[in-house]
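All remarks here apply to the structure that follows.
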Amino acid sequence: MGLKVELAQIRSYLGDIQKNYEKHLEIIESSSADCVVFPELSLTGYILKDLTYEVYKDAEKATEKLAERVKKCAIFGTIKEIRRGILRNSAAVIINGKLNYVYKFYLPTYGLFEERRYFQRADPLSDLKIFEYNGFKFGVIICEDAWHPEPIEALSLMGADVIFIPSASPMRKLSDKLAIEDNWESLLKAHSLMNTVWTVFVNVVGSQEEEYFWGGSRVVSPLGEVKIKLRLFYEDRGVFEITENEIIRSRFFSSYRDHIREFHSILDKL
Amino acid sequence: MPDYIKKSLTIDCKAVTDYIIERLREYLEFSRKDGGIVGVSGGIDSAVTATLLAKATDNFFILLMPSSSTPKVDLEDSFTIVKMLKAENKYKLINIDEIVKLFGDNVETNDKLILGNIKARTRMILLYAYAQKLNYLVVGTGDKSELLLGYFTKYGDGGVDVLPIGDLYKTQVRMLGKCLGLPERIVTKPSSPALWEGQTAEGELGIDYETIDSILYLRFDEMRSENEISEMLGLPLDVIKRVDRLVKTSQHKRLPPEIFRLSGRAINSDWRFPRRWA
């Protein structure tokens, strides 16, 4: 028996918590999947700027309200105030009505991004979490964390079979092919192959300020195959059943379980 | 234009067209406007912008605002666009000479640059007045080459609500125009603001747009040094420097006016909100 995952590739309305809440609820309640996964900051919108400070309280309330409505499993993007005035870019992970949070480690501040202006980053020592549903262990990391090897590697070695990656990836360079889509697919395949896990990338779609989020959410198997791909540039939903066969097969023929710690003692000094 | 740059600047016309149309639709929806208005000059930028706008919504309106310095062919080409977009009931022709003369008389000047800018600003006023009447947005026609060079009038053709082709270089706009099926004459016509007789962008700058775009792309997209670009393109260093200087000295035209800080939370420097706030 597998884990049925729904990729909810939505267009979030910037700062309109109520409207976004309703869309989340509608998708969660109409889904046949075990686990519904939304993009990064899906409840609030991504390019919030100082609006962050005006919506985070409502976002937290809406997150709690939504959690009560989740009968199985859901993951969506929101903001969490972890102590007074300290906010984190978060993913709410709800299993059987129980609400948990995962926080983003790597907060981008290059190019158009300015996350560290608003958010505090997560701490690997306390914030790496493994969840379980329907016999599958999974971890959740947020967008930029997939551009570094460690978060997914750590979660995989901690026991995850599936990595969910709620994201807000804006479009760059729409020429003869979409460069950022190629980049992401390469990353997902590499993570899946190196760590023998399913990777589930769920991206925002539509415009927010100057930026346009390209969608193109997808699932990559531990054998490095793209199993389902949602539409580019438009809202879309897709269900895919994750199975254990590919996980086992990939692990039989991989050195993934062999982690040489000494690399990290070098990295630690760099 | 070297092959390397040509390749980098080649666009997937269908993808770019779909993208801009979708964004125009979203922008209209978010700004709660009923449609868009655009000034059509007979040049490639406004022809492409008007065509994309017409694809995005039936609610579009075109203003033709020629002056005595507008070449006859431009007005003819403007009418071609009106016909092509089946906009016979969605356009208005306004000759701006009288208005410009009034301004000029009151400023007591015959300076062609001052009068040229007055022309561009007069058009802006007319566009906004019609936009308000119709509850439409003013859709700008500036492209990336002109925006970077500062080759536009501040609060004139630069005074608009949105710039759908503002991230496409002139040569890319021409490519798009060709794909959109615009007449060859419009696609290949030398680009001109026509603020005075005989004015062409390339004439003023002394280099063609293919060269300008190559320099801009290498300098600002690829962040290469002036020396490297001069070597890559086989152009004298001072040409690259001239383009670089134009971009740098026109930065004020691309930004909102500077606000001198006094408070603890000054607008723009530490008070930053998205456009779509509500």
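Reckoned from all heavy atoms, side chains included, excluding hydrogens, waters and symmetry mates. In what follows, chains are A, B, ... by sequence order, proteins preceding strands, each numbered from 1.
For a residue to count as touching a neighbouring chain, one of its non-hydrogen atoms must lie under 4.5 Å from one of that chain's; by this rule A:I47 touches chain B with the backbone only. The parts of A:E210 that come within reach of chain B are both its backbone and its side chain, each placing non-hydrogen atoms under 4.5 angstrom from that chain. Residue A:L48 touches chain B through its backbone alone, counting heavy-atom pairs closer than 4.5 Å. Heavy-atom distances place the side chain of B:R265, and not its backbone, under 4.5 Å from chain A. Only the side chain of B:Y19 comes within less than 4.5 Å of a heavy atom of chain A; its backbone N, CA, C and O stay farther away.
Proximity of A:I10 to A:F38: side-chain heavy atoms (C-beta onward) are separated by under 4.5 Å at one or more points.
Figure legend: cation-pi geometry between B:K253 and B:F152, with NZ or CZ positioned under 6.0 Å from the six-membered ring centre and within 45° of its axis. Cation-pi contact between A:R121 and A:F105: absent, since separation from the ring centre below 6.0 Å together with deviation from the ring axis within 45° is not met. In this structure, A:K80 fails the cation-pi test against A:Y103, since its NZ or CZ atom is not both closer than 6.0 Å to the six-membered ring centre and inside 45 degrees of the ring normal. Cation-pi geometry between B:R121 and B:Y155 is not met: the NZ or CZ atom fails to fall both under 6.0 Å from the ring centre and inside 45° of the normal.
Salt bridge annotation for A:R117-A:D50: present, with a cationic side-chain nitrogen under 4.0 angstrom from a carboxylate oxygen.
Your options are A:Y13, A:Y234, A:Y212, and the one with the most heavy-atom pairs under 4.5 Å with chain B is A:Y212.
With no hydrogens or angles considered, no side-chain donor-acceptor pair links A:S217 and A:N203 at under 3.5 Å. No donor-acceptor contact under 3.5 angstrom links the side chains of A:T109 and A:E114, judged on distance only.
Residues of residues 157-180 of chain B placed with any heavy atom under 4.5 Å of a heavy atom in chain A are absent; none qualify.
Side-chain rings of A:W147 and A:Y110 stay apart, their centers remaining 6.0 Å or farther from each other.
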